[in-house]
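What follows is a single structure, written as structure tokens, with notes after it.
Keep in mind that the numbers below use all heavy atoms, side chains included, and drop hydrogens, waters and symmetry copies.
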Protein chains: 2
Amino acid sequence: MEIATGIRKKYPVPMIRRLPSYLRIIKSYSYGGIEYISATDIANELGYDSVKVRKDLALTGVCGKPRMGYKVDELIRAIRSIVGWDKNSEAVLVGTGCLGSALLGFTGFSRRGINFAAAFDVDPHKIGMTVHGHTVMPMRGMKNFITERKIEIAVLTVPADAAQETVDILVDAGIKGIWNFSPAILKVPARVVTQNENLMSGLAVFMVKMATESV
Amino acid sequence: MEIATGIRKKYPVPMIRRLPSYLRIIKSYSYGGIEYISATDIANELGYDSVKVRKDLALTGVCGKPRMGYKVDELIRAIRSIVGWDKNSEAVLVGTGCLGSALLGFTGFSRRGINFAAAFDVDPHKIGMTVHGHTVMPMRGMKNFITERKIEIAVLTVPADAAQETVDILVDAGIKGIWNFSPAILKVPARVVTQNENLMSGLAVFMVKMATESV
DNA sequence: CGGTTATCGATATTTTTATATCTATCACGA
DNA sequence: TCGTGATAGATATAAAAATATCGATAACCG
Ligand SMILES: NC(=O)c1ccc[n+]([C@@H]2O[C@H](COP(=O)([O-])OP(=O)(O)OC[C@H]3O[C@@H](n4cnc5c(N)ncnc54)[C@H](O)[C@@H]3O)[C@@H](O)[C@H]2O)c1
Ligand SMILES: NC(=O)c1ccc[n+]([C@@H]2O[C@H](COP(=O)([O-])OP(=O)(O)OC[C@H]3O[C@@H](n4cnc5c(N)ncnc54)[C@H](O)[C@@H]3O)[C@@H](O)[C@H]2O)c1
């Protein structure tokens, strides 16, 4: 496929956000020994419009056959390639609190190419503890750890007040991307990628839906 | 539709998703004793376009003053009202695993009107344990608990395979809304609201950004 | 073997969201 | 007291995304 050779298309963000759901359905077909899947199948499973799915799948570069659909294993390979889940990256987790511990314990990351090389925290009570197989390390050693191991990804689960100071260390250490679960907006140089995950946005939408529904 | 306080508008989802971030900034002004905040201020803090912010704020119904901005406490009240964070709701959490425990430990929910009345799990080893002040209860008692206490909200953090069977119980018990953190798509009657939180979508976007940045 | 039909892929249309432009307002400072 | 300029709010434009339409294809069935 073209993607591997260096030509990088620009994919619409809403489409990228749907890819993991597509992948989940397609994989379930694969496990079931089914060789082809149609856009209609996926749309039905997810409650989407089939044209939207077909357009998304077209962007993956996989060609479908009329009356048959798309080859399951081709789609899986293409989607995993687009979202980068076909290669492995090491990551550090900063802030081994409630949410940080949950992420450390999530088994799904390794299947998606993310492996936690270390977990850090400032809290002396937490340092030395083992959380889901990871020993919590002091912040002091973080910068060197990242630099020496050439870690590119940081998952940030510290309180909002501590976010920027933590980010400054990460950037200084040469981190390439920060997946930020704190509500703070991070100031980083242009070369550093950030992805903000604001769980409270989802709660807000949920509550508004509930209110409008129950009138 | 008419309710006691007035007419319920339809708000654009992207706007709703931004409200929590706005609220965070506005509150920080409030704590700092600042009385007015402008759309430009908020836009600068969040890296947004000021016109977008102004349009969002216009939808809240709060009027601004030229050269001054909007009254901080009016905005806070309006936004909290829109996202329903000005009233309290009881919720149950189902699936007290990694992520479920993290959510139980998150102190931010009570400030947003969500209080966990109970946490449930199937795992006999977990039942009876105390997680962040909540005793884990067996699934057996869940339906009655929800019905008797008239609980309207469920937070779902079970594995994907267990999601639908769990949802069926919740719906049967009369739940009004399900905040779903599993990647499964839930089948519910039309009267039940669902909000799917797919963390892997964020990861996908993050990885694609990383890949495109590093070309 | 030939008609039927589910499906793809392309194109067109509509809707939604973001961004740009313009004018009126009014606090502020000269 | 009088400009000045930051800002709201309205309107206009552009961009993005979702949705609808339609012809071409080829597996399937009789
Ligand atoms: N827990 C949730 O369900 C949840 C939900 C939504 C958002 N969040 C956000 O995720 C972040 C973490 O939430 P949490 O519930 O895990 O909080 P938490 O207090 O349990 O965990 C934060 C951890 O960060 C550590 N920490 C604090 N300052 C640090 C620093 N300077 N350097 C390194 N580590 C530091 C603390 O010692 C603690 O272990 C917060 O920003 C919160 O808003 C959490
Ligand atoms: N942990 C994470 O960071 C994370 C990230 C993204 C998505 N998720 C999703 O959240 C969900 C939970 O993930 P997790 O990491 O907490 O898994 P987990 O295995 O730690 O927790 C799941 C819990 O649900 C319980 N459970 C299983 N079947 C049940 C049933 N039928 N009824 C009630 N309880 C049941 C289990 O006993 C367990 O305690 C999964 O769907 C996962 O895909 C988790």
Side-chain angles (χ1 to χ4, degrees), chain A residues 1-2 9-19 21-22 25-26 29 34-75 78-79 82 196 198 201 204-205 208-209 212, chain B residues 9-19 21-22 25-26 29 34-75 78-79 82 196 198 201 204-205 208-209 212:
Chain A
M1 235 146 270
E2 302 284 342
K9 294 181 227 164
K10 175 143 175 2
Y11 303 100
V13 171
M15 173 263 202
I16 298 171
R17 296 190 67 87
R18 288 187 291 264
L19 291 182
S21 299
Y22 294 168
I25 307 294
I26 299 164
Y29 273 57
I34 301 173
E35 212 179 337
Y36 282 89
I37 190 169
S38 73
T40 319
D41 292 334
I42 297 176
N44 287 340
E45 297 264 7
L46 296 172
Y48 287 165
D49 177 41
S50 74
V51 180
K52 176 160 71 177
V53 175
R54 196 169 298 118
K55 248 180 113 181
D56 287 343
L57 296 185
L59 288 174
T60 66
V62 175
C63 285
K65 269 206 277 187
R67 274 301 288 246
M68 295 294 283
Y70 305 82
K71 276 207 138 176
V72 161
D73 52 341
E74 281 184 18
L75 276 186
I79 293 177
I82 291 172
N196 299 314
N198 193 341
S201 291
V205 175
V208 171
K209 278 200 229 171
T212 41
Chain B
K9 294 180 228 166
K10 175 145 174 2
Y11 303 99
V13 171
M15 172 262 203
I16 298 171
R17 297 190 67 86
R18 287 187 290 265
L19 291 182
S21 300
Y22 294 169
I25 306 294
I26 299 165
Y29 273 57
I34 301 173
E35 212 179 337
Y36 283 90
I37 191 169
S38 73
T40 319
D41 291 335
I42 297 176
N44 287 340
E45 297 265 7
L46 296 172
Y48 287 165
D49 176 41
S50 73
V51 180
K52 176 160 71 177
V53 175
R54 196 169 299 120
K55 248 181 113 180
D56 286 343
L57 295 185
L59 288 173
T60 67
V62 175
C63 285
K65 270 206 275 186
R67 277 295 296 238
M68 295 294 282
Y70 305 82
K71 275 206 138 176
V72 161
D73 52 340
E74 281 183 18
L75 277 186
I79 293 176
I82 291 173
N196 299 314
N198 193 340
S201 290
V205 175
V208 170
K209 279 200 230 169
T212 42

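If you check residues 39-49 of chain A against DNA chain C, the residues with a heavy atom closer than 4.0 Å are A:A39, A:T40, listed by number. A heavy atom lying under 4.0 Å from DNA chain D marks the following residues of residues 51-59 of chain A, by number: A:V51, A:K52, A:K55.
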List the steps, then state whether side-chain contact (heavy atoms from CB on, under 4.5 Å) holds for A:Y70 with A:K65. CA-CA 6 Å; A:Y70 305 82; A:K65 269 206 277 187; over 6 Å; no
Test A:Y48 against A:I42 for side-chain contact (heavy atoms from CB on, under 4.5 Å), laying out the working first. CA-CA 8 Å; A:Y48 287 165; A:I42 297 176; 5.8 Å; no
With side-chain contact (heavy atoms from CB on, under 4.5 Å) as the criterion, how do A:R67 and A:Y36 come out once you've worked through the C-alpha distance, each side chain's angles and the decisive distance to 0.1 Å? CA-CA 10 Å; A:R67 274 301 288 246; A:Y36 282 89; over 6 Å; no
Begin from the C-alpha positions of B:D56 and B:M15 and carry the test side-chain contact (heavy atoms from CB on, under 4.5 Å) through to its verdict. CA-CA 6 Å; B:D56 286 343; B:M15 172 262 203; 3.2 Å; yes
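First and last contacts of DNA chain C with chain B, using any nucleotide atom under 4.0 Å from a protein heavy atom and ordered 5' to 3', fall at C:dT17 to C:dC28.
Between the side chain of B:S201 and the backbone N or O of A:R17 there is at least one donor-acceptor pair closer than 3.5 Å.
For A:D41, the salt bridge (charged side-chain N to carboxylate O under 4.0 Å, His left out) criterion is met by no residue, not counting sequence neighbours. In this structure, A:R54 has no salt bridge (charged side-chain N to carboxylate O under 4.0 Å, His left out) partners at least two apart in sequence or on a different chain.
The structure places CD1 of B:I26 at 12.0 Å from CD1 of B:I34, a figure rounded to the nearest 0.5 Å. The distance from atom NZ of B:K55 to atom CG of B:D49, rounded to the nearest 0.5 Å, is 10.5 Å.
Counting only heavy atoms from C-beta outward, the side chains of B:E74 and B:V62 approach each other to under 4.5 Å. In this structure, the side chains of B:L57 and B:Y22 come closer than 4.5 Å at one or more pairs of heavy atoms.
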Shorter than 3.5 Å, N or O on both sides, protein versus nucleotides 24-30 of chain D: list them out with atom names.
none

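Going from atom CZ of A:R17 over to atom P of D:dA16 covers 18 Å, rounded to whole Å.
In terms of heavy-atom proximity, B:Y29 sits nearest to B:V72 at CB-CG2, 4.2 Å.
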